[in-house]
Amino acid sequence: MTPEEVDDFARSLPGCRRKGTPAHPAWYVDDRLVARLVAADELVVRADPVAREHLVAAHPGTFGVPPRYEGHRKVQAMLSGDAAAIRGALRAAWELQRR
């Protein structure tokens, strides 16, 4: 996935708005973070602990939990990975943050 594809998909989710900076855009719903581009090829996505474990187990080449995210409800997504899985994680984060 490209950052532009992430932007298109995230903004297609009802109520999801882009914020952040041009270099590090972020997407929010109801002022709650859904995802943020932290590097040209890396996205951080909100995820509850169970969903995060499932994503990492099912798609280890796409998702990971670096030490800086271990204590947070976040998962690292590499944009070079499975685009469908990334879209699924974005949708799940959007649903989580709408609650």
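Quantities reported herein were computed from a predicted structural model and do not represent experimental measurements.
Here the CE-CD distance, from Met78 to Gln76, works out to 5.5 Å after rounding to the nearest 0.5 Å. From Ser12, atom OG reaches atom CZ of Arg91 across 6.5 Å, with rounding to the nearest 0.5 Å. The CD atom of Glu95 sits 11.0 Å away from the CG atom of Asp48 when rounded to the nearest 0.5 Å.
Checked by atom type and distance alone, the side chain of Thr62 pairs as donor or acceptor with a backbone atom of Asp82 at under 3.5 Å. Checked by atom type and distance alone, the side chain of Arg52 pairs as donor or acceptor with a backbone atom of His72 at under 3.5 Å. Between the side chain of Asp30 and the backbone N or O of Arg32, no donor-acceptor pair lies under 3.5 Å.
Among all heavy-atom pairs drawn from Ala58 and Pro60, the shortest one is C-CD, 3.6 Å. What you find for Ala40 and Pro3 is that their closest heavy atoms are O-CG, 3.6 Å.
Grouping Ile, Leu, Val, Met, Phe, Trp and Tyr by side-chain contacts under 4.5 Å, direct or through others, puts Trp27 with Met1, Val6, Phe9, Leu13, Val29, Val34, Leu37, Val38, Leu43, Val44, Val45, Leu55, Val56, Phe63, Val65, Tyr69, Val75, Leu79, Ile86, Leu90, Trp94.
Checked for salt-bridge contact, Arg68 and Glu42 meet the test: a charged N lies under 4.0 Å from a carboxylate O. Under the 4.0 Å criterion applied to side-chain N and carboxylate O atoms, Arg17 and Asp31 are not assigned as salt-bridge partners.
Applying the salt bridge (Lys or Arg N to Asp or Glu O under 4.0 Å) criterion to Arg18, with sequence neighbours excluded, gives Asp7.
By the 4.5 Å heavy-atom criterion applied to side chains, Arg46 and Gln97 are counted as neighbours.
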